[in-house]
Amino acid sequence: MFQIDKAKMEDVESIHGLINAAAVRQQMLARSLQSIYENLRAFVVCRNEKGQVIGCCAMEIVWRDMGEIRSLVVSSRYRGKGIGALLVSSCLDEAKSLGIRKIFTLTYVEDFFKKLGFRKLDKKKLPHKIWNDCINCPHFPDCDEVALITNL
């Protein structure tokens with residue numbers, strides 16, 4: 001019924017729409033089209049039976065042995081069907097294939113990631129490289145996202 005694929009150029013507008021709709025609801029940070037194009041290889045998408053993109057997730061390499069799950073969003077019409085877990089699982093599989101040993105995420109949906117085996121982490125223990133995004137965030141330095149991590 002649902003198909004998980006690596007994102008393609010034709011998916012960028014749909015990814016952008018999903019992410020920025022969630023950003024309007026203050027569920028995640030907005031991303032520019034340029035950012036999505038530059039990081040397209042990090043994205044996987046979920047397609048419905050008509051081939052439409054109904055969810056996306058990115059796994060970005062942060063450091064030698066660490067990656068980050070970012071931009072996880074599923075269209076509101078399709079939530080609660082396990083699509084988010086499928087998207088994260090696909091990203092974790094890719095991380096394993098690349099030899100990445102740890103994956104973290106910054107999220108407002110702590111319970112979702114805990115069900116997938118992530119555990120809470122003090123943000124200060126994450127590499128300084130992640131703070132590049134944080135400095136440009138409107139919530140910096142008073143971020144209320146929770147950091148979670150899992151070992152692969």
Side-chain angles (χ1 to χ4, degrees), residues 1-12 14-16 18-20 22-23 26-47 53-75 78-152:
M1 175 158 73
F2 302 115
Q3 182 176 340
I4 306 294
D5 292 318
K6 287 297 287 178
K8 298 179 176 92
M9 295 298 281
E10 65 198 38
D11 301 325
V12 170
S14 297
I15 293 168
H16 184 253
L18 285 168
I19 291 171
N20 290 337
Q26 297 187 355
Q27 296 171 328
M28 68 175 52
L29 296 177
R31 286 187 85 156
S32 67
L33 277 171
Q34 179 182 351
S35 171
I36 296 168
Y37 278 117
E38 289 174 352
N39 297 286
L40 187 62
R41 289 182 283 182
F43 278 92
V44 292
V45 295
C46 180
R47 299 179 196 285
V53 173
I54 57 169
C56 65
C57 186
M59 191 285 295
E60 295 185 6
I61 299 167
V62 174
W63 197 243
R64 177 174 59 97
D65 64 345
M66 185 175 279
E68 179 182 10
I69 296 290
R70 300 182 62 165
S71 303
L72 171 62
V73 62
V74 176
S75 171
Y78 290 92
R79 288 193 192 130
K81 299 180 185 299
I83 295 168
L86 290 172
L87 288 163
V88 171
S89 178
S90 177
C91 287
L92 295 178
D93 288 345
E94 181 179 19
K96 286 178 197 172
S97 75
L98 292 170
I100 295 171
R101 297 182 314 198
K102 295 180 252 178
I103 297 286
F104 74 91
T105 190
L106 297 170
T107 184
Y108 295 113
V109 195
E110 181 178 349
D111 289 341
F112 170 81
F113 283 97
K114 282 185 172 179
K115 288 178 187 173
L116 299 177
F118 285 72
R119 67 187 183 290
K120 202 167 183 178
L121 173 75
D122 183 346
K123 282 185 262 192
K124 293 175 186 167
K125 293 187 178 186
L126 293 171
H128 292 291
K129 187 176 185 333
I130 72 149
W131 301 109
N132 288 336
D133 288 334
C134 296
I135 287 173
N136 297 315
C137 175
H139 303 287
F140 184 79
D142 300 316
C143 175
D144 56 350
E145 286 185 309
V146 176
L148 296 123
I149 193 164
T150 191
N151 293 322
L152 303 176

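Please read these numbers as outputs of a predicted model, since none were measured by experiment. Nothing fancy with the numbering, it's 1 onward along the sequence.
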Testing the basics here: between I103 and I100, what is the closest heavy-atom pair and its distance to 0.1 Å? CD1-CG2, 3.9 Å
Name the residue from D93, V45, V44 that meets the side-chain contact (heavy atoms from CB on, under 4.5 Å) definition with I4. V44
Ion pair check, R70 and E145, cut-off under 4.0 Å: no
Are I149 and M66 close enough, and set up right, to give a side chain to side chain contact (heavy atoms under 4.5 Å, CB included), and what steps lead you there? CA-CA 10 Å; I149 193 164; M66 185 175 279; 4.0 Å; yes
Per the side-chain contact (heavy atoms from CB on, under 4.5 Å) rule, which among L72, L98, V88 passes with M59? L98
Checking side chain to side chain contact (heavy atoms under 4.5 Å, CB included) for the pair I83/F2: CA distance, chi angles, key distance, verdict? CA-CA 8 Å; I83 295 168; F2 302 115; 3.8 Å; yes
Keeping T105 on the side-chain end and I69 on the backbone end, is there a donor-acceptor pair under 3.5 Å? yes
Decide yes or no for F43 and C57: does some side-chain heavy atom of the first lie under 4.5 Å from some side-chain heavy atom of the second? no
Does some side-chain heavy atom of V146 sit less than 4.5 Å from a side-chain heavy atom of L121? no
Cut-off 3.5 Å, side chains only: do T150 and R119 have a donor facing an acceptor? no
Near K120 NZ, under 6.0 Å, is it more than 12 heavy atoms from other residues, nucleotides or ligands? no
About how many Å separate CG of D111 and OG1 of T107, when rounded to the nearest 0.5 Å? 10.0 Å
Of all heavy-atom pairs linking R31 and H16, the shortest is O-CD2, 3.1 Å
Under a 3.5 Å distance rule, please check whether K102 uses its side chain to pair with a backbone N or O of L152 as donor and acceptor. no
Is a donor on one side and an acceptor on the other found under 3.5 Å between the side chain of S89 and the backbone of L86? no
Name all residues meeting the salt bridge (charged side-chain N to carboxylate O under 4.0 Å, His left out) criterion together with K114; count only those two or more places apart in sequence or in a different chain, and write none if there are none. E110
Worked check of side chain to side chain contact (heavy atoms under 4.5 Å, CB included) between N151 and R101: CA-CA 6 Å; N151 293 322; R101 297 182 314 198; over 6 Å; no
If only atom types and distance count, is the side chain of R47 paired as donor or acceptor with the main-chain N or O of I54 below 3.5 Å? no
Quick one: does any side-chain atom of D11 pair with a main-chain N or O of V53 as donor and acceptor, under 3.5 Å? no
Checking N39 side chain against S35 main chain: does a donor-acceptor pair fall under 3.5 Å? yes
Can you measure from CD (E38) to CG (L33) and round to the nearest 0.5 angstrom? 11.0 Å
On a heavy-atom basis, which atom in A85 and which in L116 lie closest, and how many Å separate them? CB-CD2, 3.9 Å
Going by heavy atoms in the side chains, are I15 and L40 under 4.5 Å from each other? yes
Tell me, do Y37 and M9 make a side-chain contact under 4.5 Å, heavy atoms counted? yes
Other residues, nucleotides, ligands: >12 heavy atoms within 6.0 Å of E10 CD: yes
Are L87 and C56 packed together at the side-chain level, in the sense that at least one heavy-atom pair is separated by less than 4.5 angstrom? no
Straight-line distance of E60 CD to C91 SG, nearest 0.5 Å: 9.5 Å
Student check: side-chain heavy atoms of K81 and V74 closer than 4.5 Å: no
